[in-house]
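Throughout, protein chains are lettered first and strands after them, A, B, ... in sequence-line order, and every chain is numbered starting at 1. Any value given below was found using the heavy atoms of this structure, including those in side chains, with hydrogens, waters and symmetry copies removed.
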4 protein chains.
Amino acid sequence: MLHITLNMGDSVPLYRQIMRQIQHLIATGRLGADDELPAVRVLAEQLVVNPNTVVRAYRELEVAGLLYKRRGAGTYVSSGATPYTEEERRRILSEQLDALLVESRTLGFGLDEVIELLRDRDQALKKKTDEDEA
Amino acid sequence: MLHITLNMGDSVPLYRQIMRQIQHLIATGRLGADDELPAVRVLAEQLVVNPNTVVRAYRELEVAGLLYKRRGAGTYVSSGATPYTEEERRRILSEQLDALLVESRTLGFGLDEVIELLRDRDQALKKKTDEDEA
Amino acid sequence: MLHITLNMGDSVPLYRQIMRQIQHLIATGRLGADDELPAVRVLAEQLVVNPNTVVRAYRELEVAGLLYKRRGAGTYVSSGATPYTEEERRRILSEQLDALLVESRTLGFGLDEVIELLRDRDQALKKKTDEDEA
Amino acid sequence: MLHITLNMGDSVPLYRQIMRQIQHLIATGRLGADDELPAVRVLAEQLVVNPNTVVRAYRELEVAGLLYKRRGAGTYVSSGATPYTEEERRRILSEQLDALLVESRTLGFGLDEVIELLRDRDQALKKKTDEDEA
DNA sequence: GTGGTCTAGACCACA
DNA sequence: GTGGTCTAGACCACG
């Protein structure tokens with residue numbers, strides 16, 4: 001049973017919330033290579049969501065190389081696929097960095113302060129991850 | 001002259017980007033109570049955006065209590081608007097940095113790479129801002 | 001000193017609020033024929049309003065026949081002028097009645113109930129007016 | 001099919017007329033919790049109005065907590081919407097009747113004339129409604 | 001199918 | 001000059 005939480009009020013589309021959480025489950029190892037995902041209808045019912053929404057999430061994760069389908073069987077986690085090209089990875093991150101810089105600037109932070117805080121948060125996150133694993 | 005930067009490619013709507021940045025300008029004290037905001041048409045021209053988009057941003061900020069209008073006169077900062085504390089500024093930025101770190105990690109970037117790219121984007125943004133002003 | 005209260009937040013324009021209240025002062029006899037009204041600048045200062053706003057209120061009341069101006073002297077209340085033609089009076093009232101009927105209908109009142117309540121309110125208003133005069 | 005009547009000549013904006021009437025339909029129980037409202041385009045066509053005007057009415061009612069939207073699905077009545085009590089219905093109508101009586105009095109109409117004209121307008125409105133439905 | 005956003009541009013009311 | 005409303009119509013994202 002997959003632990004996925006949807007925020008109906010959020011502006012992030014439902015299918016993206018699903019995608020992101022599955023992606024995270026894989027990245028953190030809670031879903032391993034060739035693990036089977038719940039059937040579309042099952043997950044849709046669990047999340048109280050239109051089945052099409054789950055279909056879309058699975059489809060886009062398949063296109064991204066994180067999932068694969070076996071006809072008549074089910075949907076599974078891919079093994080070690082690198083979903084994006086180097087080019088794409090940099091473009092995606094750059095977009096987020098641009099938004100971050102605009103935001104931090106209007107908040108009155110300079111680049112150096114942002115970087116300093118970023119290092120702090122990275123330490124905090126690392127520590128938290130280690131504890132979770134322990 | 002208000003410093004507002006729009007990300008046309010961003011999935012966040014333009015009117016929300018405007019709202020958020022004005023909110024931050026107020027909350028950090030760079031816009032004080034009863035300061036006059038640029039006229040709708042003026043800001044629209046500055047941002048290369050349709051006046052209605054600015055109208056919407058101003059209107060929603062008015063509903064939220066951050067701005068008030070004087071008929072036929074202009075748009076002003078409400079006096080009840082509470083500035084951020086240093087604490088809040090750091091908290092807001094930290095949340096975004098956490099999200100960024102999670103994302104960059106799933107994309108396979110290490111902290112140093114993120115910081116390097118961040119410096120690149122900052123240079124790019126600075127250059128763009130200077131050109132806009134020229 | 002004229003007792004006029006302006007509601008800045010109201011959707012009714014300032015000049016109309018002024019008009020209505022002067023009209024009311026005349027209709028109730030608190031301003032009599034040939035009484036002098038405050039100078040535009042005086043009233044504008046009193047109400048903390050742009051002088052043009054008072055100018056407009058006075059002008060429209062003059063057009064309506066309720067006030068007259070004496071050059072170099074001031075503004076005065078007209079004596080017994082009927083501001084509107086029969087035609088206009090009916091048109092103005094009809095518009096308000098139309099709005100009232102739409103509103104009462106969506107509130108679930110039938111015509112007979114509206115008329116009944118209307119008679120009630122008329123009695124209440126008459127009583128209140130008598131008391132004020134006593 | 002929602003019964004909404006617009007007064008094109010009225011100084012009250014169309015989107016506010018729509019808002020008020022939907023609010024009343026909810027408050028009088030003719031629209032119940034989770035009832036679906038007509039699609040924006042449908043209502044716009046019915047009222048012979050631009051879709052954006054309906055969008056705006058729906059949006060502001062959503063902000064006010066009376067409606068909620070389900071993405072890609074439709075617009076619905078919130079469950080928290082409190083219906084008017086009999087008391088409230090009468091109070092709302094009474095306020096409008098009081099304003100009407102004051103106005104009609106300054107216009108020189110007596111109660112009986114107001115009622116007579118009210119009956120006329122009711123007939124006219126009924127006729128117009130019937131034609132719209134035909 | 002649904003709503004969300006944005007543009008282009010009109011006309012009006014207000015100060 | 002200011003903001004407010006409305007139209008017409010485009011394109012997109014979501015389910």
Side-chain angles (χ1 to χ4, degrees), chain A residues 8 10-18 40 44 47-57 59-60, chain B residues 6 8 10-18 36-44 47-60 62 67-76, chain C residues 6 8 10-18 40 44 47-57 60, chain D residues 6 8 10-18 36-44 47-60 62 67-76:
Chain A
M8 289 304 197
D10 197 328
S11 74
V12 177
L14 301 180
Y15 82 95
R16 275 198 187 282
Q17 293 186 41
I18 296 171
V40 167
L47 299 177
V48 195
V49 135
N50 190 308
N52 284 331
T53 306
V54 177
V55 166
R56 180 161 185 186
R59 177 161 41 85
E60 304 224 352
Chain B
L6 293 186
M8 288 309 194
D10 197 330
S11 74
V12 176
L14 300 179
Y15 80 95
R16 280 204 181 280
Q17 294 186 40
I18 297 172
E36 184 168 2
L37 284 139
V40 168
R41 291 162 172 85
V42 170
L43 185 55
L47 299 177
V48 195
V49 133
N50 188 289
N52 281 331
T53 304
V54 177
V55 164
R56 181 160 185 191
Y58 277 13
R59 184 184 184 80
E60 304 222 350
E62 185 190 12
L67 301 181
Y68 67 90
K69 308 238 173 77
R70 288 218 321 251
R71 279 200 286 268
T75 304
Y76 306 84
Chain C
L6 293 186
M8 290 305 198
D10 197 328
S11 74
V12 178
L14 300 180
Y15 83 95
R16 276 199 186 282
Q17 294 186 40
I18 296 171
V40 166
L47 299 176
V48 194
V49 135
N50 190 307
N52 284 331
T53 307
V54 177
V55 167
R56 179 161 186 188
E60 304 223 353
Chain D
L6 292 185
M8 289 309 194
D10 197 329
S11 74
V12 177
L14 300 179
Y15 81 96
R16 279 203 182 281
Q17 294 186 40
I18 297 172
E36 184 169 0
L37 284 138
V40 167
R41 292 161 172 86
V42 170
L43 185 55
L47 299 177
V48 195
V49 134
N50 188 287
N52 281 331
T53 305
V54 177
V55 164
R56 180 161 184 189
Y58 277 13
R59 184 182 184 81
E60 304 221 351
E62 186 190 11
L67 302 181
Y68 67 90
K69 308 241 174 74
R70 289 220 316 254
R71 281 200 285 266
T75 303
Y76 306 84

Atom [atom1] of [X] to atom [atom2] of [N]: distance rounded to whole Å?
{"X": "R16(C)", "N": "dC12(E)", "atom1": "CZ", "atom2": "C1'", "answer": "13 Å"}
{"X": "M8(B)", "N": "dT7(E)", "atom1": "CE", "atom2": "P", "answer": "6 Å"}
{"X": "R70(B)", "N": "dA13(E)", "atom1": "CZ", "atom2": "C1'", "answer": "17 Å"}
{"X": "E60(A)", "N": "dG15(F)", "atom1": "CD", "atom2": "C1'", "answer": "13 Å"}
{"X": "N52(C)", "N": "dA15(E)", "atom1": "CG", "atom2": "P", "answer": "10 Å"}
{"X": "R56(A)", "N": "dT2(E)", "atom1": "CZ", "atom2": "C1'", "answer": "14 Å"}
{"X": "D10(D)", "N": "dT5(F)", "atom1": "CG", "atom2": "C1'", "answer": "14 Å"}
{"X": "L14(D)", "N": "dG4(F)", "atom1": "CG", "atom2": "C1'", "answer": "12 Å"}

With a 4.0 Å cut-off on heavy atoms, is S11(B) in touch with a base, just the backbone sugar-phosphate, or nothing at all?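 Answer is nothing: S11(B) stays at 4.0 Å or more from every strand.
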Check every strand shown and say whether N50(B) touches a base, only sugar-phosphate, or nothing at a heavy-atom separation below 4.0 Å.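 Base contact - N50(B) has a heavy atom under 4.0 Å of at least one base atom.
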Return the nearest nucleotide to the side chain of [X]; candidates are [options].
{"X": "A39(B)", "options": "dT2(F), dG3(E), dC6(F)", "value": "dT2(F)"}
{"X": "V42(B)", "options": "dT5(E), dT2(F), dC14(F)", "value": "dT2(F)"}
{"X": "P13(A)", "options": "dC14(F), dC6(E), dG3(F)", "value": "dC14(F)"}
{"X": "T53(A)", "options": "dG4(E), dG15(F), dG9(E)", "value": "dG15(F)"}

Looking at dC14(F), I'd like to know if its phosphate oxygens (OP1 or OP2) sit under 4.0 Å from a side-chain N or O belonging to K69(D).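 No.
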Does R41(D) have a side-chain nitrogen or oxygen under 4.0 Å from the phosphate oxygens OP1 or OP2 of dG1(E)?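 So the side chain of R41(D) is outside the cut-off, no N or O lying under 4.0 Å from OP1 or OP2 of dG1(E).
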Carboxylate-amine/guanidinium contact R70(B) E36(B), below 4.0 Å: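 Looking at R70(B) and E36(B), the cut-off is not met.
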Taking all non-hydrogen atoms of both residues into account, name the closest pair between P51(A) and A44(A) and its distance.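 The answer is CA-CB, 3.7 Å.
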So what's dC14(E) paired with, Watson-Crick or G-U wobble, going by both distances under 3.5 Å?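 In the structure as shown, dC14(E) has dG1(F) as its Watson-Crick or wobble partner.
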From Q17(D) CD over to T53(D) OG1, what is the distance, rounded to the nearest 0.5 angstrom?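 Atom-to-atom, Q17(D):CD and T53(D):OG1 are 11.0 Å apart.
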Between Y15(C) and V48(B), just flag the one whose closest nucleotide in DNA chain E comes earlier from the 5' side.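 Looking at DNA chain E, the more 5' nearest nucleotide goes with V48(B).
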Hey, which sits more toward the 5' end of DNA chain E by its nearest nucleotide, R71(B) or V40(D)?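 Its nearest nucleotide being more 5', the pick is V40(D).
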Heavy-atom distance under 4.5 Å between the side chains of L14(B) and M8(B), does that happen here?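 They are in contact (side-chain heavy atoms under 4.5 Å apart), so the answer is yes.
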Within the 4.5 Å heavy-atom criterion, are L43(D) and L37(D) side-chain neighbours or not?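 No; the side chains remain at least 4.5 Å from each other.
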P51(D) or A73(B), whichever maps to the more 5' nucleotide of DNA chain F: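 On the 5' side of the pair lies A73(B).
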